[in-house]
There are 2 protein chains.
Amino acid sequence: MQNSDAMALTAALLAAAGGLTQRIHEGVVARGFEGVRPAHGFAFARLAPDGATVTDLAVHLGVTKQAASQLVDELVRKGYAERRPHPADARARLVVMTEAGWACTRAAEAAAAEAVGAWAEVLGEDGVRALRAGLLRVAPGGPIRPSW
Amino acid sequence: MQNSDAMALTAALLAAAGGLTQRIHEGVVARGFEGVRPAHGFAFARLAPDGATVTDLAVHLGVTKQAASQLVDELVRKGYAERRPHPADARARLVVMTEAGWACTRAAEAAAAEAVGAWAEVLGEDGVRALRAGLLRVAPGGPIRPSW
DNA sequence: AGCTTATGGTCAAGTAGCTTGACTATCTCT
DNA sequence: AGAGATAGTCAAGCTACTTGACCATAAGCT
C-alpha cells in the first residue's frame, strides 16, 4: 500500500461524507424545512427518542456544552425542540423534540434514503451494505463533527 | 433498506472521515509540524507537483478565492509555500511549495499510512482496498471540505 | 448533619475562518 | 481599440465556535 493511497482514501471519505451530508440537507430544505443545518439533524439523532441533556448533546456532537446550549437555543426558537425540567436532577434540563422536530427528522431520513439510493445504483444494495459495515467497524465511536 | 440505515451510514462516514483526518493531523504535529491545519494538507495536494493559482486552490477546496488567498498568506508566513510570478499570465501568481512544504506533505502521507494501517488490522488489506474503491466510485468529485 | 468537590447549565466576551462587496491590473474576444 | 471576463487583493462583517467566570444542585466524605 502506497502512502498516497492513504491520502486518496482520506480525500474520498471526506468527499463522500460531505457530498452525502449536502444532499441530505438539500432534501430536507426541499421538503419545506428552512433554517436547519446538518448539525441539527445530528442533534435530533441524539434527542430521539427520550430527549437528552445539553451535556449529552455536547459530548455527542464533540463541542463544548456552551456551543450545544446555543444550538438548543436555536432549535427552541425555531420550534423544533423544548426544554423541560429534568425528572431526576434539578440542575439539568431535558431537551425534547417537538412534533415539528419529529417531522424534520422524518424528512431527513427520507432524504438520506434517497441519497443513499443513488449510491445503490452504482454499488448495488450489497455494495452499500458492505460499505456501511466496513465503516461501522473502523469508526465505531468517532466524532460526528468533521470539524477541521 | 431502512431509512435509519441511511442515517447510520452518513454518521459512520462522518465519524470515519473526521477520525481519520484528526489522526493524520495528530501524526503531522507529532512529526514536528506545528501551526498546520488539515485544510493545509488538502491545499498541498493541489499545489503539488507544479504549483497552482489561488483560484485553482479555491475551486479545489470549495471556498472563495479570498479565503484561499488568506490560506496561502498563512502558508507563506509559515514558510511552507511561496508566491511566484506566473510564467504565462501577469495577473496570476503561481503558488508553489517550499522544501518545508514538501517535508510536511511527506509527514502527512506517513501519518495517513499509519492511520489507515490501523484500519487494515480490522478490515484486512483487502477490506481497506474495497472500502476505498467503493468510496471512489460514489464520491468521484465531491467537495473536499465537509463544511457544514 | 456539614463541608468539599464534582456536575449541569448559563452569561459574557473573544476568536478563527469564512463570507460579501468593492476595486485594480491584466487578459481575451470582436 | 474597446468591452467584457478573469486573477488577485483589501476591507468589513458574520457565524459558529471557543475560553473563562459564575450559580445552583448533586454526590461523596468525615
Side-chain angles (χ1 to χ4, degrees), chain A residues 14 18 21-22 25 34-44 46-47 50-78 80-96 143-148, chain B residues 14 18 21-22 25 29 34-43 46-47 50-78 80-96 143-148:
Chain A
L14 279 167
T21 303
Q22 192 175 327
H25 181 245
E34 295 194 17
V36 281
R37 287 175 293 122
H40 297 151
F42 293 102
F44 287 152
R46 186 65 186 76
L47 293 181
D50 296 322
T53 65
V54 163
T55 301
D56 288 337
L57 266 183
V59 171
H60 181 245
L61 295 176
V63 297
T64 59
K65 54 187 182 175
Q66 291 92 327
S69 187
Q70 286 177 14
L71 193 139
V72 170
D73 283 344
E74 203 179 335
L75 290 178
V76 169
R77 195 176 345 111
K78 291 176 177 167
Y80 294 116
E82 284 178 359
R83 286 188 221 251
R84 297 196 182 164
H86 194 287
D89 188 338
R91 295 170 302 178
R93 308 172 74 178
L94 200 57
V95 182
V96 297
I144 297 296
R145 293 193 54 78
S147 79
W148 296 12
Chain B
L14 280 168
T21 304
Q22 191 176 327
H25 181 245
V29 170
E34 293 193 19
V36 282
R37 288 175 293 122
H40 297 150
F42 292 100
R46 185 65 186 80
L47 292 181
D50 297 322
T53 65
V54 163
T55 301
D56 288 338
L57 266 183
V59 171
H60 181 246
L61 295 176
V63 297
T64 60
K65 56 186 181 175
Q66 290 92 328
S69 187
Q70 287 177 13
L71 192 139
V72 170
D73 283 343
E74 203 180 334
L75 290 177
V76 169
R77 194 175 347 111
K78 291 176 178 166
Y80 295 116
E82 284 177 358
R83 287 187 220 253
R84 299 198 182 161
H86 195 287
D89 187 338
R91 295 170 302 177
R93 309 172 74 178
L94 200 58
V95 181
V96 297
I144 297 295
R145 292 193 53 78
S147 79
W148 299 12

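Below, all heavy atoms of this structure are taken into account, side chains as well, without hydrogens, waters or symmetry copies. In this text, all values refer to a predicted model and were calculated from it rather than measured experimentally. All chains are named by letter (A, B, ...) in the order of the sequence lines, taking the proteins before the strands, and each is independently numbered beginning at 1.
- Across D:dG20, D:dT9, D:dA7, the shortest atom-to-atom separation from the side chain of B:T55 is found for D:dA7.
- A straight line from CZ of A:R93 to C1' of C:dC11 spans 13 Å, rounded to a whole angstrom.
- The shortest distance between the side-chain N/O atoms of A:R83 and the OP1/OP2 oxygens of C:dG8 is not below 4.0 Å.
- Contact annotation: B:T64 side-chain N/O to C:dT19 OP1/OP2 distance is under 4.0 Å.
- Atom NZ in B:K65 sits about 11 Å away from atom C1' in C:dC23, given to the nearest Å.
- Comparing A:A88 and A:E74 along DNA chain D, the residue whose closest nucleotide (by nearest heavy atom) sits nearer the 5' end is A:E74.
- With respect to the salt-bridge test (charged N to carboxylate O, under 4.0 angstrom), the residues B:K78 and B:E34 do not qualify.
- Atom pair A:D89:CG and C:dA6:P shows a separation of 17 Å (rounding to whole Å applied).
- One atom, CG of A:L61, and another, C1' of D:dC17, lie 12 Å apart when rounded to the nearest Å.
- Between the side chain of A:Q66 and the base of D:dG20 there is at least one donor-acceptor pair of N/O atoms closer than 3.5 Å.
- Taking atom CZ of B:R37 as the reference point, atom C1' of C:dT15 lies 13 Å away to the nearest angstrom.
- Looking at which nucleotide of DNA chain D each of A:R91 and A:A67 is closest to, the 5′-most match is held by A:A67.
- At whole-Å resolution of the value, NE2 in A:H86 and P in C:dT10 are 13 Å apart.
- With hydrogens and angles disregarded, no donor-acceptor distance shorter than 3.5 Å links the side chain of A:H40 to the backbone of A:Y80.
- Across the protein-nucleic acid pair, B:R77 atom CZ and C:dA16 atom P stand 11 Å apart, rounded to whole Å.
- Separation of atoms OG1 (B:T55) and CZ (B:R93) is listed at 12.5 Å; rounding is to 0.5 Å.
- Considering only the side chain of B:Q70, D:dA12 comes nearest among D:dT9, D:dT18, D:dA12.
- Between the C1' atom of D:dT9 and the CG atom of B:L71 lies a distance of 15 Å, rounded to the nearest Å.
- Taking CG of B:L71 as the reference point, atom CG of B:L61 lies at 6.5 Å (rounded to 0.5 Å).
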